[in-house]
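FYI, the numbering just counts along the sequence from 1.
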Amino acid sequence: MKNKSCWYALLAAQWFFCTALGATEPPTPGQAAYVEAQTRKANTHFVRTVARIAGQPESVIRKAMPPAGRIADPAERVIAALEVERGAPLPEGMRNQIVAAEAVRRMSIANAREMADHR
C-alpha cells in the first residue's frame with residue numbers, strides 16, 4: 001500500500017510541475033509541418049535581405065548560417081563570415097541592418113509557433 005501512495009504523490013507532483021511550467025502537448029504533425037514551412041520562409045527571407053544589404057550572393061550568406069538546431073546567433077555568424085571575406089569590419093549601419101533582419105526572422109518564427117498552437 002505504501003508504494004501505491006508514493007506513486008500517487010509522484011503523479012501529483014509531476015502534474016503540478018508540468019502545469020506550473022506551462023507544459024503543453026506536443027504539436028500535431030500538421031502544426032509541426034506549418035512551423036517548419038514558416039521557419040524555412042523566415043530563413044529564406046533573412047538570407048535574401050542580408051545578401052541585398054551586403055551585396056553578396058545568397059549562397060555566401062546561406063553558407064554562413066548555422067546548421068538547424070544549433071544554438072548560435074545567425075546574425076553574428078553571418079557578420080563574422082562577411083568580415084572574414086572582406087578582410088575588414090562591416091560598417092556599423094550594415095551590422096545594425098543585419099541584426100534587425102535577424103530580429104524579424106526570430107519574430108516570424110515565434111509568430112508561426114504561436115499560430116500553430118491555436119490551430
Side-chain angles (χ1 to χ4, degrees):
M1 206 53 144
K2 186 176 180 182
N3 287 339
K4 208 175 208 181
S5 62
C6 288
W7 178 252
Y8 289 131
L10 180 62
L11 285 175
Q14 182 180 10
W15 175 83
F16 174 76
F17 286 117
C18 287
T19 304
L21 295 174
T24 61
E25 293 190 22
T28 65
Q31 290 170 323
Y34 174 78
V35 171
E36 185 178 332
Q38 294 304 313
T39 299
R40 199 171 23 256
K41 286 180 185 178
N43 287 337
T44 299
H45 184 265
F46 173 76
V47 167
R48 286 184 181 149
T49 301
V50 173
R52 182 186 45 78
I53 291 167
Q56 294 288 327
E58 289 181 21
S59 61
V60 171
I61 307 305
R62 195 169 306 283
K63 184 177 175 185
M65 293 279 290
R70 292 291 306 257
I71 303 175
D73 184 7
E76 290 303 319
R77 291 276 300 260
V78 169
I79 289 169
L82 290 171
E83 288 179 339
V84 166
E85 188 168 308
R86 289 173 51 125
L90 292 178
E92 195 63 33
M94 191 180 292
R95 291 177 65 93
N96 291 340
Q97 288 178 333
I98 293 170
V99 169
E102 169 59 12
V104 169
R105 186 190 78 81
R106 286 180 191 244
M107 190 179 337
S108 297
I109 294 170
N111 288 341
R113 289 182 178 144
E114 188 169 323
M115 290 291 293
D117 287 343
H118 298 295
R119 290 181 148 213

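Expressed to the nearest 0.5 Å, how far CG of Asp117 lies from CD of Gln31 amounts to 6.5 Å.
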Side chains of residues 76-89: which donor-acceptor pairs under 3.5 Å do they make with residues two or more places apart or in other chains?
from  : atom 1 : to    : atom 2 : distance (Å)
Glu83 : OE2    : Leu90 : N      : 3.1
Glu83 : OE2    : Arg95 : NH1    : 2.7

What pairs of donor and acceptor atoms, side-chain ones from residues 52-67 against any protein atom, are under 3.5 angstrom apart with sequence neighbours left out?
none

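Here the closest heavy-atom approach between residue Tyr34 and residue Ala116 is recorded as CD2-CB, 4.0 Å.
A heavy-atom distance below 4.5 Å is not found between the side chains of Val47 and Arg105.
Residues Val35 and Met107 do not share a hydrophobic cluster, clusters being chains of Ile/Leu/Val/Met/Phe/Trp/Tyr side chains in contact below 4.5 Å. When hydrophobic clusters are built by joining Ile, Leu, Val, Met, Phe, Trp and Tyr residues whose side-chain heavy atoms come closer than 4.5 Å, directly or via intermediates, Val104 is not grouped with Ile98.
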